[in-house]
Amino acid sequence: MAGDERVDAERLVVRLEALSRFLRLVDPHLPDSDLVAAHTLVERAGNRLSLSRDHTVVALAGSTGSGKSSLFNALARLKLSPVGVRRPTTGVAHACVWGPLEPANRLLDWVGVLPRHRFMRESALDGDDEASMRGLVLLDLPDFDSVERGHRLEVDRLLGLVDLIVWVVDPQKYGDRILHQAYLSQFRSHAAVTVVVLNQADRLSTQDTVLVLEDLKRLLTEDGLGEAPVLATSAKQPGMLNELRGSLETTVAERQAALRRVAGDLDAVGDPLTAMIGPPAAEDEVDRATVRQLTDALAASAGVGAVADASAAAYRHRAAAATGWPLTRGLRRLRPDPLRRLHLDDKPTETDAISQEIVPRTSLPEADAAQKSAVGLAVRAVSSRAAAPLPEVWKPALANAARSRAADLPDALDRAVGRTELGLAKAPLWWRAVGGLHWLFLAAAIFGLGWLAAGYVLRILGLPELDNPEVGIVPLPTVLLVGGLLLGVLLWLVTRPLVEWGSRRARKRAEQRLRASVSEVGREYVVAPVREVLNAYAQAREALTTVRS
């Protein structure tokens, strides 16, 4: 028979487990219709391997008039067909078990053969004549070309469960198109568990039998079953059953048919699955340029530019309040802080970092249509970039993953902006120094003004005047008053460029921190789901390699 190489049961179980792992990985991402056959195989193979491996289930399959029932009776050497196998009116399979029936009942229950259609081939009169066939469960299937659709469905169901299939053809219809296109060609991965017999060969001459067998082998080669054995049989000539019977005896003795059937099923299922798995995903499956594009779109949508401008304005506002002329600082503090006007606090609490829910919403305007469209394009760019090297079937999964949390993006961006520390929490030391100098200059001016006022009052009252030392030709009180005022103005003029420079730095720093926060949101809500799919792809690729090994 074809497939003399033995199948290692442990290795087969490893392949089945790999297929099961593959399905668990791809189930959330690929269409169910593409995975039905693989799921069916995992369930069916698991059930078959858990049942008796001491029995080999062999099915006789063929068309109406091919002589399956006669062959069934001849192999059993009993008249079983008149008891229950009446073709073509019956649409159920009948089984003949060599050996005790009880050990095979669970297997026949799983196959779906009713108890009344089970026969035991065990007799004391046989002696050891049937010992070599012990463990064989021979099924006689309905005709696959029956006019009854239910019969054909039953055949298709049983062909998926048996360990070995003996296709019974006759000299008139061995080239039937339905047989080759709908059945034989679909079992190209199962040559190791396929036997084709030319039944009723006793009607042909020796020369015609050779010609028909050669033509049948040619057709089988076209079907992909060139390695399947082809035998000539006849139910009316017992000697013409010896080769088929010997083939079945070898199969039963090897206890390999069930394993070879599962291995063939794995090969058959693995072929379409291979088309779903291509080259490895690139290490930079979402490159920096794509992430930068996403960050740019999210930053615009989150109002990062507006917050950065507000940070610069807040720096100037707070600098003026800390370093301005002391008499006007109160008026400055009456104006609203540009950041707090947006409900932004540059001093996030410890609780904020732990619980995002308590971070209050900002007063930033909602993203406009253009900004939302830009975010959508950037999200699609992430999925498109990740899907570029992968098979087409993965593109919808990656696109869905990239959009899976899109509805949560606006709130996530707002929270990210709200809890970002903008770098304005701590006032620069030079603000305090400048503020102190302003107070010193103001104190000097006030002292000089008070000194001048006191002298004026004394002159009006006719009292002795105060001693007014001079600095050069200018009285000291006047120097203190005018000097304090002039130095205050000069200090203000000197600090203005410093404040502008600091505000630009504050804007840049705030924008960098905001973009970093926004980028993290993009990675968590867009890139991370895509990478989860890519990780599933990589693991599925590894599992499929084991399945195909």
Side-chain angles (χ1 to χ4, degrees), residues 1-20 22-23 35-53 55-62 107 110-111 136-139 141 144 155-168 179-197 217 219-231 247-248 250-275 543-549:
M1 289 186 60
D4 291 335
E5 183 180 349
R6 294 188 64 83
V7 177
D8 183 87
E10 293 183 0
R11 180 60 186 167
L12 188 63
V13 171
V14 169
R15 293 179 65 192
L16 277 172
E17 291 175 347
L19 179 59
S20 180
F22 173 89
L23 292 173
L35 305 173
V36 171
H39 277 292
T40 302
L41 171 58
V42 169
E43 180 179 2
R44 184 176 65 208
N47 290 334
R48 177 63 186 94
L49 295 179
S50 68
L51 296 170
S52 174
R53 296 192 198 176
H55 290 84
T56 302
V57 184
V58 178
L60 298 178
L107 184 57
W110 176 69
V111 172
L136 173 63
V137 179
L138 186 64
L139 303 183
L141 305 189
F144 68 74
V155 171
D156 293 343
R157 184 186 71 82
L158 290 168
L159 289 177
L161 300 177
V162 298
D163 302 330
L164 184 141
I165 305 172
V166 177
W167 293 96
V168 182
L179 169 66
H180 289 275
Q181 292 185 2
Y183 289 97
L184 290 173
S185 62
Q186 304 304 314
F187 284 83
R188 62 178 64 247
S189 298
H190 297 82
V193 289
T194 299
V195 177
V196 181
V197 299
K217 291 178 180 178
L219 294 174
L220 291 173
T221 300
E222 293 177 358
D223 294 332
L225 291 171
E227 295 183 2
V230 181
L231 311 175
S247 176
L248 294 177
T250 302
T251 299
V252 170
E254 288 180 339
R255 302 288 192 267
Q256 279 280 297
L259 301 180
R260 286 172 179 161
R261 174 59 198 268
V262 174
D265 287 341
L266 282 169
D267 292 339
V269 166
D271 289 337
L273 295 183
T274 301
L544 187 59
T545 301
T546 303
V547 174
R548 300 288 291 163
S549 62

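Below, all heavy atoms of this structure are taken into account, side chains as well, without hydrogens, waters or symmetry copies. Predicted, not measured: the structure shown is a model, and the values here were computed from it.
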- prompt: Between Arg157 and Val111, what is the shortest heavy-atom contact and its length?
  reply: NH1-O, 2.8 Å

Check: Asp156/Tyr183 side-chain N/O donor and acceptor closer than 3.5 Å: yes

message: Working note: Val196 + Leu225, criterion side chain to side chain contact (heavy atoms under 4.5 Å, CB included); need CA distance, chi angles, decisive distance, verdict.
response: CA-CA 10 Å; Val196 181; Leu225 291 171; 5.7 Å; no

task: For the pair Leu159 and Phe187, evaluate side chain to side chain contact (heavy atoms under 4.5 Å, CB included) and give the outcome as yes or no after the intermediate values.
output: CA-CA 10 Å; Leu159 289 177; Phe187 284 83; 4.0 Å; yes

Spacing of Leu16 atom CG and Leu49 atom CG [to the nearest 0.5 Å]: 6.0 Å

query: What's the spacing between Leu12 CG and Asp265 CG if we round to 0.5 Å?
result: 9.5 Å

message: To the closest 0.5 Å, what do you measure between CG (Leu139) and CG (Leu60)?
response: 8.0 Å

task: Show your reasoning for whether side chain to side chain contact (heavy atoms under 4.5 Å, CB included) applies to Glu17 and Phe22.
output: CA-CA 8 Å; Glu17 291 175 347; Phe22 173 89; over 6 Å; no

N/O donor-acceptor pair under 3.5 Å between Ser549 side chain and Thr546 backbone: yes

- prompt: What's the shortest heavy-atom distance between Leu273 and Leu35, and which atoms?
  reply: CD2-CD2, 4.1 Å

message: In the structure I gave you, are the side-chain heavy atoms of Arg261 and Leu164 within less than 4.5 Å of one another anywhere?
response: no

field: Residues forming a salt bridge (Lys or Arg N to Asp or Glu O under 4.0 Å) with Asp8, sequence neighbours excluded
entry: none

message: Run the side chain to side chain contact (heavy atoms under 4.5 Å, CB included) test on Val195 and Trp167 for me, step by step, so that the C-alpha distance in whole Å, both residues' side-chain angles and the decisive distance to 0.1 Å come before the verdict.
response: CA-CA 6 Å; Val195 177; Trp167 293 96; over 6 Å; no

task: Looking only at non-hydrogen atoms, find the nearest pair between Leu248 and Leu136 and report the distance.
output: CD1-CD2, 4.4 Å

- prompt: Within the distance-only criterion (no hydrogens, no angle test), does the side chain of Arg188 pair as donor or acceptor with the backbone N or O of Ser185 below 3.5 angstrom?
  reply: yes

message: Could you work out, with salt bridge (Lys or Arg N to Asp or Glu O under 4.0 Å) as the rule, every residue matching Asp267, not counting sequence neighbours?
response: Arg15

message: Please check: side-chain N/O of Glu227 versus main-chain N/O of Ala192, any donor-acceptor pairing under 3.5 Å?
response: no

task: Using atom types as modelled and distance alone, determine if a side-chain donor or acceptor of Arg48 lies under 3.5 Å from a backbone N or O of Ser52.
output: yes

message: Is it the case that atom CD in Glu43 sees more than 12 heavy atoms from other parts of the structure closer than 6.0 Å?
response: no

- prompt: Any side-chain heavy-atom pair from Val269 and Leu266 closer than 4.5 angstrom?
  reply: no

- prompt: How far apart are the closest heavy atoms of Gln181 and Gln186, and which atoms are they?
  reply: O-NE2, 3.2 Å

query: If you look at every heavy atom in Val262 and Ala45, which pair is closest and at what distance?
result: CG1-CB, 3.8 Å

message: Let's go through Asp271 and Arg548 carefully: what are the C-alpha distance in whole Å and the side-chain angles of both, what is the deciding distance for salt bridge (Lys or Arg N to Asp or Glu O under 4.0 Å) to 0.1 Å, and is it a yes or a no?
response: CA-CA 9 Å; Asp271 289 337; Arg548 300 288 291 163; 2.8 Å; yes

Minimum side-chain heavy-atom gap Val58-Asp163 below 4.5 Å: no

field: Side-chain touch Val57/Leu107, heavy atoms, less than 4.5 angstrom
entry: yes

query: Looking only at heavy atoms, what is the nearest atom pair of Ala59 and Val162, with distance?
result: CB-CG1, 3.8 Å

Under 3.5 Å donor-acceptor, Gln256 side chain and Thr251 backbone: no

field: Thr194 side chain to His190 backbone, donor-acceptor under 3.5 Å
entry: yes

